[in-house]
Asks: 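Attaching a single structure in structure tokens format; questions to follow.
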Amino acid sequence: MLQALADGILSGSIIALGAIGLTLTMGILRFANFAHAELVTWGAYMALAVLAVTGTFMGPIAPLSFGIPLILAIVVAAALTSLLALAIDWLVYRPLRRQTNHLTLVFGSFGISLLVRMVILLIFGGAAQYYSTALQIAIPVAPGLRIMPDQLFTLAVTVVIVVALHFFLQKTRLGLAMRALAENPELARVNGIDTRAVVRWTWVIGASLAAVAGVLYGLTIQLRPEIGFHLILPLFAAVILGGVGNVFGAVIGGLVIGLAESLAVLVVPSGYKMAVPFLILLAVLYLRPTGIFAGTVGGVK
Amino acid sequence: MSGFAAYLVFFLIVALTYSIVTMGLNLQWGYTGLFNAGVVGFFAIGAYGTAVLVGPDRAQLIGGFALPFPVAVVGGMALAALAALVVGLATLKLREEYLAIATFGIAISIQLVALNFEALTGGVNGLVGLPRPLFTAFGSPGAYNLFYLAVVASVALLVYVALEVAVRSPWGRVLKAVREDETAARSLGKNPAAIRLQVFVLGCTLMGLAGGLYVGFIGYVSPLDFLPILTFQIWAMLIVGGSGNNLGAIVGAVGVWALWTMSGLGVSRLLPVAYQSQGGAIQVIIIGLLIVLTLLFRPRGLIGEAEAVSRHAR
Amino acid sequence: MSTPLLEVEDVVAGYRPDLPIVQGITLKVAEAEMVTIIGPNGAGKSTLIKAVAGIVQVSSGRVRLAGAEITRLPTHRLAQAAIAYVPQTANVFTTLTIDENLLVGASTLAKGEARRRMDRSYENFPVLKEYRQKKAKVLSGGQRQMLAVARALLTEPRLLMLDEPSAGLSPLMVSEVFQRLKALVEGGVAILMVEQNAKAALAISHRTYVFAEGRNRIDGPSAALAQDPQVASIYLGAGGRKR
Ligand SMILES: Nc1ncnc2c1ncn2[C@@H]1O[C@H](COP(=O)(O)OP(=O)(O)O)[C@@H](O)[C@H]1O
Ligand SMILES: [Mg+2]
């Protein structure tokens, strides 16, 4: 039970990181981006590629399983993931935005999700991979509760990112522009905000967070090309639960989904774990489509 | 029958089955603008529903209804409709993309049930040895397949004609209004949410029908036939044929399925064994490129005649 | 005659290329002039303003500001080009605080300058100062209009465009808004305003254009139009407010 709670918070914090990026892009670009979860996979594999190139030139920082090389890899992976997101936006979403039916964007992202996943499979193969083969010893912190140092690191990174993002959105001009754009793009433009620039920054932030989530995910589980595909539903559920466009809501939504998945396994066979986000999503849509915390983009038309 | 002719019959049965799914999706997307991201789920429900209802009594398995095939298919369709109702009621009054997300979710959930609810679905092994309708009436498998092709072709034709009539009826003309101008539809005294729900359920029912036909043909169900890639394949079939064009849906289904089959053949023939999994990725990439490039450069479809489509084109 | 501040020349515009709403409108606004546009619902008044603001696609015709062509300038550049626009509805960011709303209006300014001008607008609009840390959704309709105008003025525009600034306001509020607009014009700002209440429009403005079905039918000095029997019979009889 205690262990399930701890595991739930951990996977929840990774879902939260992905969901923050998704809620920002959904709030500002106003479409359900099915390809966002693939940015998580891409980020994870880019870090793997960076590690393959640089090698682990420095040993791990005890008690973590990794050291400076991985942290460097996270930064490069975030940059490479941002590049991918910007390229996709420029090549696919930008032309599709001109079409009157905004669902074409959803359709496009659906196709892109498949492409990104398959390109990763093509480049890296389908077998499971790891950042480090070093075994990590879980530390017993309470009776029936063991936590790995990497997991604590993951949690700490999530907290730092959420706090930093909060300040960014509240205190900087770019953050303000993003919030203005999320509420009313036309009015934002009328006020002299160059929405194209803000959109680009939104991609950079969303993709970077996705990359960080991917690497943290890869620290705690095996890396496979389909990790993103399996995250699509949890991410959407977290975003809608928290209210589309609401960063704080996405964090809570991510934690709720992570905990629910992990606790559900106590009562239903683990094979059904992936259906949990769907059931939560369905319940939210029936009961409170705006999410627990109203988002900037309401669920109701 | 020569090997090639036999293969062609086999190919056409599967392609025409998918064309029924594609027409169902066309009703949803092409005519009404509903994005269904879980096509495979509704196809699977129809298939599994039919399989359970048609299946004989077997130890350790729920079922044993041993219903006649057509009745079982109708049962499968009803189950698909029910699933559609559950997601439809939750989402069709909300922003459009919520339907996309929810259908994606139900497809995943259905896949999980197929894999894990062994007592009902047979789990990873699926349900095998299902009776094939009228199989004993035919002397050879070849003759039977020809018969089944005739059945599937007739059903596809029937669905085609019915849809053509439906979209030209007063009901069908409202669809475009619902899609393009919510307010106008409402001012005509139509309730857009209700019409969306009707269309969505009807389209999913057709997908369920195709699932039932598929099971009748292959005589078993296996979760491997209902992987998420099928949703993408059906979408490729629709958009290549030109959405809003039922004939295009059929042509697209046959064309894309041919492309898929041939690319699969090419991969298995040309690539060394060590690279087969990468080859599979290339096959899927073709589907993804088909979707994205058509969307970008030929939004009215590759095959669909521009004139015929333009009335419905988005 | 000197170059007018704003020249709209034979502009055709609409929300879809195949369906022009504004079908060839020509109008002018001089420096420090107040011009109103009146006309029945659906005449294309709002659409014309949006076309000038760059929100709606102009398919043909020209828009010039002080002689320089601005027809297809992206919307966000117009704020720098000294045009401000206050939409009819959703004209404040309800999820942002009053202070943040003003800060958005000052997007194009350097930080220090933005702060200085914001302090000045708090002096001009004391209500706003009172609520500065509150979300704009708590404001009343009239207060929102004040905020929208205050925000639009931060860039010190030469031309202020307003879409039905009096809609939904109490008569007291309407006269306050109009007083402020008048003061602005006296201070040298030109105003182009859509106004549903024709009587008020003719009373306050220098000149008026009457739109119908996407074209300008009648125009002239407001005082003269107020006497025009044709205008009177169509608009002044009804006189009332929109819905
Ligand atoms: N966002 C829009 N999309 C499509 N058509 C619109 C939109 N806004 C207004 N229209 C149409 O444009 C016409 C003119 O509208 P508008 O310019 O708002 O009129 P007015 O402001 O004079 O009342 C109306 O027929 C209206 O239906
Ligand atoms: Mg108007």
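Quick note on labels: first sequence line is chain A, next is B, and so on, each numbered from 1.
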Asks: Classify the angle between the aromatic ring planes of B/Phe35 and A/Phe34 as parallel (below 30°), tilted (30 to 60°) or perpendicular (above 60°).
Replies: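 Geometry flag for A/Phe34 against B/Phe35: tilted rings.
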Asks: After noting the C-alpha distance and the side-chain angles of B/Gln111 and A/Met274, does the key distance pass the side chain to side chain contact (heavy atoms under 4.5 Å, CB included) rule?
Replies: CA-CA 10 Å; B/Gln111 201 189 2; A/Met274 273 166 55; 6.0 Å; no
Asks: What pair of heavy atoms forms the shortest contact from A/Pro289 to B/Tyr98, and how long is it?
Replies: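 Shortest heavy-atom separation between A/Pro289 and B/Tyr98 comes out as O-CE2, 4.0 Å.
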Asks: Sort by residue number and list every member of residues 84-91 of chain B having a non-hydrogen atom under 4.5 Å from chain A.
Replies: B/Leu85, B/Val86, B/Val87, B/Leu89, B/Ala90, B/Thr91
Asks: So which of A/Leu96, A/Val284, A/Leu105 has the biggest tally of heavy-atom pairs under 4.5 Å with chain B?
Replies: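 That would be A/Leu96.
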Asks: Taking A/Ile240, A/Val106, A/Val276, A/Leu287 one by one, which has the highest count of heavy-atom pairs under 4.5 Å against chain B?
Replies: A/Ile240
Asks: At a 4.5 Å cut-off on heavy atoms, which part of B/Ile108 comes close to chain A: side chain, backbone, both, or neither?
Replies: side chain
Asks: If you measure from CG on A/Leu233 to CZ on B/Phe104, what distance do you get to the nearest 0.5 Å?
Replies: 6.5 Å
Asks: Mind checking side chain to side chain contact (heavy atoms under 4.5 Å, CB included) for B/Ala83 and listing every partner two or more places apart, or none if nothing turns up?
Replies: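 For B/Ala83 the side chain to side chain contact (heavy atoms under 4.5 Å, CB included) partners, ignoring immediate neighbours, are B/Phe42, B/Ile45, B/Ile106.
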Asks: Which residues in residues 118-125 of chain A have any heavy atom lying under 4.5 Å from a heavy atom of chain B?
Replies: A/Met118, A/Val119, A/Leu121, A/Leu122, A/Gly125
Asks: To the nearest 0.5 Å, what is the distance between CH2 on B/Trp29 and CG on A/Leu103?
Replies: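 One gets 5.0 Å once the value is rounded to the nearest 0.5 Å.
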Asks: Could you state the interatomic distance from CD (B/Glu97) to CZ (A/Phe236), rounded to the nearest 0.5 Å?
Replies: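 Separation between the atoms: 8.5 Å.
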Asks: To the nearest 0.5 Å, how far apart are CD1 in B/Ile110 and CZ in A/Phe278?
Replies: 7.5 Å
Asks: Rounded to the nearest 0.5 Å, how far apart are CG of A/Leu115 and CD1 of B/Ile286?
Replies: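 Answer for the CG-CD1 pair, A/Leu115 versus B/Ile286, is 11.0 Å.
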Asks: Side chain, backbone, both or neither: which part of B/Leu112 has an atom under 4.5 Å from a heavy atom of chain A?
Replies: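 Both backbone and side chain of B/Leu112 come within 4.5 Å of chain A.
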Asks: Side chain from CB out, backbone as N, CA, C, O: work out which of these in B/Val292 comes under 4.5 Å of a heavy atom of chain A, or both, or neither.
Replies: side chain
Asks: Taking all non-hydrogen atoms of both residues into account, name the closest pair between A/Leu281 and B/Ala102 and its distance.
Replies: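 Taking every non-hydrogen atom into account, CD2-CA, 4.2 Å.
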Asks: Would A/Ser113 and B/Phe232 satisfy side chain to side chain contact (heavy atoms under 4.5 Å, CB included), going step by step from the backbone distance to the final call?
Replies: CA-CA 10 Å; A/Ser113 74; B/Phe232 292 94; 4.1 Å; yes
Asks: Which value, rounded to the nearest 0.5 Å, describes the distance between A/Thr104 atom OG1 and B/Leu295 atom CG?
Replies: 6.5 Å
Asks: Quick check: does any side chain N or O of A/Tyr272 sit under 3.5 Å from a backbone N or O of B/Phe117, one acting as donor and the other as acceptor?
Replies: yes
Asks: Measuring heavy-atom distances to chain A, does B/Leu289 have an atom under 4.5 Å in its side chain, in its backbone, in both, or in neither?
Replies: both
Asks: Sequence neighbours excluded, which residues qualify as salt bridge (Lys or Arg N to Asp or Glu O under 4.0 Å) partners of A/Arg196?
Replies: A/Asp194
Asks: Examine whether an atom of A/His102 lies under 4.5 Å from a heavy atom of chain B, and if so say whether it belongs to the side chain, the backbone or both; otherwise answer neither.
Replies: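 Side chain of A/His102 only, per the 4.5 Å heavy-atom cut-off to chain B.
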